[in-house]
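As structure tokens, the structure follows; a few thoughts come after it.
These figures come from a predicted structure and were not determined experimentally.
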Amino acid sequence: MQFNYDVLVIGGGHAGCEAACASANMGAKTCLITMDMNKIAQMSCNPAIGGIAKGQIVREIDALGGQMGLVTDATSIQFRMLNVGKGPAVWSPRAQCDRGKFIWEWRRHLDETENLDIWQDQADELLVEPVSSEASVRAIGVKTIWGAEIYAKCVIVTAGTFLNGLMHIGRKMISGGRIAEPAVPHFTESITRHGVVSARMKTGTPVRIDKRSVHFENLEIQPGENRPYQFSYMDKGGALKQLPCWTVNTNEEVHEILKSGLADSPLYNGQIQSIGPRYCPSIETKLVTFPERNKHPLFLEPEGEDTNEMYLNGFSSSLPMDVQIEALKKMPAFRDIKVYRPGYAIEYDFFDPTQLKHSLESKIIENLFMAGQVNGTTGYEEAGGQGTIAGINAALKAGSNNNRSFILHRDEAYIGVLIDDLVTKGVDEPYRMFTSRAEYRILLRQDDADARLTEKAYELGLAKRERYDWWLEKKQAIEEIETFCHGFAIKPKLINSALEALGTTPLQFGCKLVDLVNRPQLNLANLSEIIPQLKEVLNRPNNRKEEIAEAAEIRMKYKGYIERERVVAEKMHRLENIKIKGHFNYEELQGLSTECRQKLMKIQPETLAQASRIPGVSPSDINVMLVLMGR
């Protein structure tokens with residue numbers, strides 16, 4: 001049985017779903033292969049979307065015309081804005097979701113996407129043909145375990161943790177991609193035989209708890225926010241019941257029981273050799289790494305609005321199941337605990353991402369794209385961002401724009417930072433995005449992703465007219481508020497008493513309203529209560545008034561910082577415009593350090609700016625190449 005497509009996507013996780021939708025929405029005839037159509041975009045670990053820097057990525061996916069924000073809004077059971085005590089550069093949205101409804105909402109989006117077919121099967125072998133180009137072979141499709149041959153102009157691999165997946169609970173090991181689902185045993189080898197390098201990584205997940213056995217009186221409640229936040233800029237939020245989360249701390253009794261099981265922990269008895277995520281460690285790793293701490297915070301989170309299953313965030317573990325359960329019982333809230341299943345660890349194959357171009361196409365196998373955990377990342381959001389870019393570029397290459405690539409730079413999106421880090425620096429542990437990884441954080445805020453990306457996506461054909469029109473409406477509303485604040489004159493005698501009541505210095509002379517907005521004690525909300533004309537402007541008909549006012553206020557308050565960072569970014573763009581690939585034989589450049597030559601030969605950066613971000617390439621090395629380019 002044979003099928004033919006423009007783009008073939010392997011894996012129905014978060015990267016695969018976004019890749020398939022992006023490709024199909026751009027007009028490419030697309031096929032998504034998944035092992036189980038009932039587990040589309042499964043949230044294998046925490047049933048939540050967003051978080052520090054991750055929330056910004058979801059906003060960017062949405063601004064580009066992706067689906068993750070829409071699906072999250074429709075299935076959210078709690079929403080919070082993190083880091084609001086800090087500057088807006090690091091505000092990060094996060095939503096707890098109903099795991100089951102999230103899957104079916106994603107399935108609905110896939111079913112309603114034109115140009116997209118789904119094939120339930122398992123990829124077994126990558127099909128290639130020889131080419132006479134920089135790459136030695138070209139991907140042309142896959143063969144499945146049931147013998148189907150699916151051919152395509154471009155292939156996107158988004159296999160998550162399934163490639164040679166091996167699960168661990170204590171000394172027990174079982175092959176699998178995640179609990180109760182089979183591993184994919186041969187596909188890695190069908191790629192590496194062509195020269196692509198693979199390695200192993202490890203991740204884990206916590207115990208799942210029966211809500212009916214929890215003593216909630218011994219937990220501290222953590223409610224969501226009442227503000228009508230959404231991830232998507234499209235006004236299509238859900239209507240699920242909003243639920244709280246709870247917090248609790250471990251104690252020394254818990255730690256003693258956990259320590260007694262370390263000899264049987266696959267992380268410490270030599271059973272697991274690969275590296276796990278540093279920023280989401282197992283509970284046993286926390287005990288070993290921080291022996292001085294007598295407690296660690298845990299977060300009990302609902303899995304859905306109508307299920308008893310709960311997720312214990314912070315208690316990821318691969319210890320024997322009896323050790324996990326006995327340790328939990330030493331916390332008063334869990335003294336009568338019943339669990340659905342213990343936590344476990346999983347090892348899986350990934351491919352060195354320095355073997356990829358910034359388009360996420362392989363440098364070694366032409367027309368082969370990779371996205372998600374197969375590139376060494378962790379997290380649904382990082383996967384979704386990569387999937388969006390891989391889907392865009394695969395559709396471009398499969399179509400009439402086959403010489404064009406869509407690349408996001410580091411000052412344009414967190415997705416750009418993510419991909420640039422992967423392909424220029426590589427990974428030695430599962431990569432997780434943080435705001436600290438971005439040098440242009442004030443330009444990459446969660447409130448302005450549409451301003452940065454929606455017009456680009458509309459030009460590509462990915463963002464549809466409805467999304468583009470909403471951005472134009474929002475843009476106009478923001479500009480109207482800014483124009484009003486810059487032009488509206490304030491007279492001291494009419495406002496000084498109100499200013500003193502708000503805890504700020506009275507005026508000596510008249511000023512423009514924007515000057516008051518820029519004071520730290522003041523904002524558009526409290527000023528609108530004392531300036532009726534401002535209130536009238538803020539209350540003009542629009543479904544997203546608070547979001548628009550917030551965006552306008554940030555642009556006014558932080559204008560100087562934004563402009564200064566833009567100048568720095570534009571200076572870096574000069575290096576981005578200096579192409580170096582193919583200009584140097586690095587092995588012969590004796591003016592460079594040995595480490596620099598080795599790294600440049602391995603990664604083959606496209607531009608001088610990319611070279612400057614490679615670990616081991618110093619500023620003096622960049623200066624040497626600048627001089628040589630001048631010659």
Worksheet item: Any side-chain heavy atom of I57 sitting closer than 4.5 Å to one from I415?
Response: yes
Item to complete: Decide if atom CD of E536 counts as having more than 12 heavy atoms of other residues, nucleotides or ligands within a radius under 6.0 Å.
Response: no
Discussion item. One pair to check against ring pair (Phe, Tyr, Trp, His ring centres under 6.0 Å): W470 and Y233. What are the steps and the verdict?
Written reply: CA-CA 8 Å; W470 161 241; Y233 293 107; 8.0 Å; no
Item to complete: Examine distances only and state if a side-chain atom of N393 and a backbone atom of S359 form a donor-acceptor pair shorter than 3.5 Å.
Response: yes
Worksheet item: Can you check whether E466's main-chain N or O pairs, donor with acceptor, with D469's side chain at less than 3.5 Å?
Response: no
Worksheet item: Is there a donor-acceptor pair under 3.5 Å between the side chain of R467 and the backbone N or O of D62?
Response: yes
Item to complete: Kindly compute the distance separating CE (M331) from CG (L300), expressed to the nearest 0.5 Å.
Response: 10.0 Å
Worksheet item: Could you walk me through whether T504 and R519 pass the side-chain hydrogen bond (donor to acceptor under 3.5 Å, both in side chains) check?
Response: CA-CA 8 Å; T504 187; R519 291 189 178 189; 2.9 Å; yes
Discussion item. Tell me if the CD atom of E217 is crowded by more than 12 foreign heavy atoms within 6.0 Å.
Written reply: yes
Item to complete: Would you sort out whether Y311 and E303 count as a side-chain contact (heavy atoms from CB on, under 4.5 Å), showing the intermediate values?
Response: CA-CA 6 Å; Y311 177 96; E303 293 264 348; 3.4 Å; yes
Item to complete: Assign the ring pair Y558 / Y561 to parallel, tilted or perpendicular, where the plane angle (0 to 90°) is split at 30° and 60°.
Response: tilted
Worksheet item: Are the side chains of V417 and L444 in touch, meaning some heavy atoms are under 4.5 Å apart?
Response: yes
Worksheet item: Looking only at atom types and distance, does a side-chain atom of E553 sit under 3.5 Å from a main-chain N or O of K557, one as donor and one as acceptor?
Response: no
Worksheet item: Heavy-atom distance under 4.5 Å between the side chains of D306 and K101, does that happen here?
Response: yes
Worksheet item: Does D73 reach the main-chain N or O of S232 with its side chain, forming a donor-acceptor pair under 3.5 Å?
Response: yes
Discussion item. With heavy-atom distances below 4.5 Å as the criterion, would you say the side chains of F299 and N46 are in contact?
Written reply: no
Practice prompt. Answer yes or no: is there a donor N or O on one side and an acceptor on the other, between the side chain of E112 and the main chain of L110, under 3.5 Å?
Written response: no
Worksheet item: Counting heavy atoms not belonging to Q508, are there more than 12 under 6.0 Å from its CD?
Response: no
Item to complete: For residues I481 and A552, report the shortest heavy-atom separation together with the two atoms involved.
Response: CG2-CB, 3.8 Å
Fill in: Donor-acceptor contact below 3.5 Å, side chain Q67 vs main chain G65
yes
Worksheet entry | L513 CG to I531 CD1 distance, which is reported to the nearest 0.5 Å | 4.5 Å
Fill in: C280 side, atom SG; N313 side, atom CG - distance, nearest 0.5 Å
7.0 Å
Practice prompt. Go through the steps to decide whether S405 and L396 satisfy the test side-chain contact (heavy atoms from CB on, under 4.5 Å), and finish with yes or no.
Written response: CA-CA 7 Å; S405 292; L396 289 172; 5.8 Å; no
Worksheet item: Does some side-chain heavy atom of S316 sit less than 4.5 Å from a side-chain heavy atom of T203?
Response: no
Worksheet entry | Heavy atoms from other residues, nucleotides or ligands near NZ of K241 exceed 12 (cutoff 6.0 Å) | no
Worksheet item: For R278, does the CZ atom sit with more than 12 other heavy atoms under 6.0 Å from it, leaving out its own atoms?
Response: no
Practice prompt. Decide, yes or no, whether a salt bridge links R437 with E382 under the criterion of side-chain N to carboxylate O below 4.0 Å.
Written response: no
Response to the item:
Per salt bridge (Lys or Arg N to Asp or Glu O under 4.0 Å), E412 is matched among R452, R566, K456 by K456
Fill in: Nearest non-hydrogen partners of T205 and S44, listed with the distance
OG1-O, 3.9 Å
Worksheet entry | Distance-only side-chain donor-acceptor flag, E60 / Q56, under 3.5 Å | no
Worksheet item: Any salt bridge between E482 and K559, counting N to O under 4.0 Å?
Response: no
Item to complete: Could you check whether the rings of H409 and H573 sit parallel, tilted or perpendicular, using 30° and 60° as the cut-offs?
Response: perpendicular
Discussion item. When you compare the side chain of I419 with that of L408, does any pair of heavy atoms fall below 4.5 Å?
Written reply: no
Worksheet item: Are side-chain N/O atoms of T75 and D98 paired as donor and acceptor at under 3.5 Å?
Response: no
Discussion item. Side chains of E565 and E439, heavy atoms from C-beta outward: is any pair under 4.5 Å?
Written reply: no
Worksheet item: Any Lys/Arg nitrogen of D421 or R410 sitting under 4.0 Å from an Asp/Glu carboxylate oxygen of the other?
Response: yes
Discussion item. For A20 versus L32, what's the shortest heavy-atom pair and its separation?
Written reply: CB-CB, 4.2 Å
Worksheet entry | Atom pair CG/OH of L472 and Y468 - distance to nearest 0.5 Å | 4.5 Å
Practice prompt. Mind running side-chain hydrogen bond (donor to acceptor under 3.5 Å, both in side chains) on T30 and N115 for me, showing each step along the way?
Written response: CA-CA 6 Å; T30 304; N115 303 314; over 6 Å; no
Discussion item. Between E576 and R613 (salt bridge meaning N to carboxylate O under 4.0 Å), is one present in this structure?
Written reply: yes
Fill in: Lys/Arg N to Asp/Glu carboxylate O, K357 vs E606, below 4.0 Å
no
Worksheet item: Passes side-chain contact (heavy atoms from CB on, under 4.5 Å), C485 versus L524? Steps please.
Response: CA-CA 10 Å; C485 291; L524 291 177; 4.0 Å; yes
Worksheet item: Is the NZ atom of K464 crowded by more than 12 outside heavy atoms at less than 6.0 Å?
Response: yes
Worksheet entry | Option among E220, M310, Q96 that satisfies the side-chain contact (heavy atoms from CB on, under 4.5 Å) test with C245 | Q96
Worksheet item: Are the side chains of E547 and K474 in touch, meaning some heavy atoms are under 4.5 Å apart?
Response: yes
Discussion item. Tell me if the NZ atom of K286 is crowded by more than 12 foreign heavy atoms within 6.0 Å.
Written reply: yes
Worksheet item: If you look at every heavy atom in L116 and A24, which pair is closest and at what distance?
Response: CB-CB, 3.9 Å
Worksheet item: For the residue pair T250 and H296, what are the closest heavy atoms and their distance?
Response: OG1-N, 2.7 Å
Item to complete: Please check if any side-chain donor atom of H109 sits under 3.5 Å from a side-chain acceptor atom of E105, or the reverse.
Response: yes
Practice prompt. Without swapping roles, check the side chain of E18 against the backbone of Q386 for a donor-acceptor pair under 3.5 Å.
Written response: no
Response to the item:
Taken to the nearest 0.5 Å, the spacing of I490 CD1 from I495 CD1 works out to 4.5 Å
Worksheet item: Any donor and acceptor pair, going by atom type alone, linking the side chain of T424 with main-chain N or O of I614 inside 3.5 Å?
Response: no
Worksheet item: Going through the checks in order, is the side-chain contact (heavy atoms from CB on, under 4.5 Å) test met by I442 and R445?
Response: CA-CA 6 Å; I442 196 68; R445 307 181 310 277; 4.3 Å; yes
Item to complete: Rounded to the nearest 0.5 Å, what's the gap from CH2 on W471 to CD1 on I478? Could you check?
Response: 5.5 Å
Worksheet entry | W106 side-chain N/O to M68 backbone N/O, donor-acceptor pair under 3.5 Å | no
Practice prompt. Grab the two heavy atoms, one from T377 and one from G372, that are nearest each other, plus how far apart they are.
Written response: OG1-O, 3.1 Å
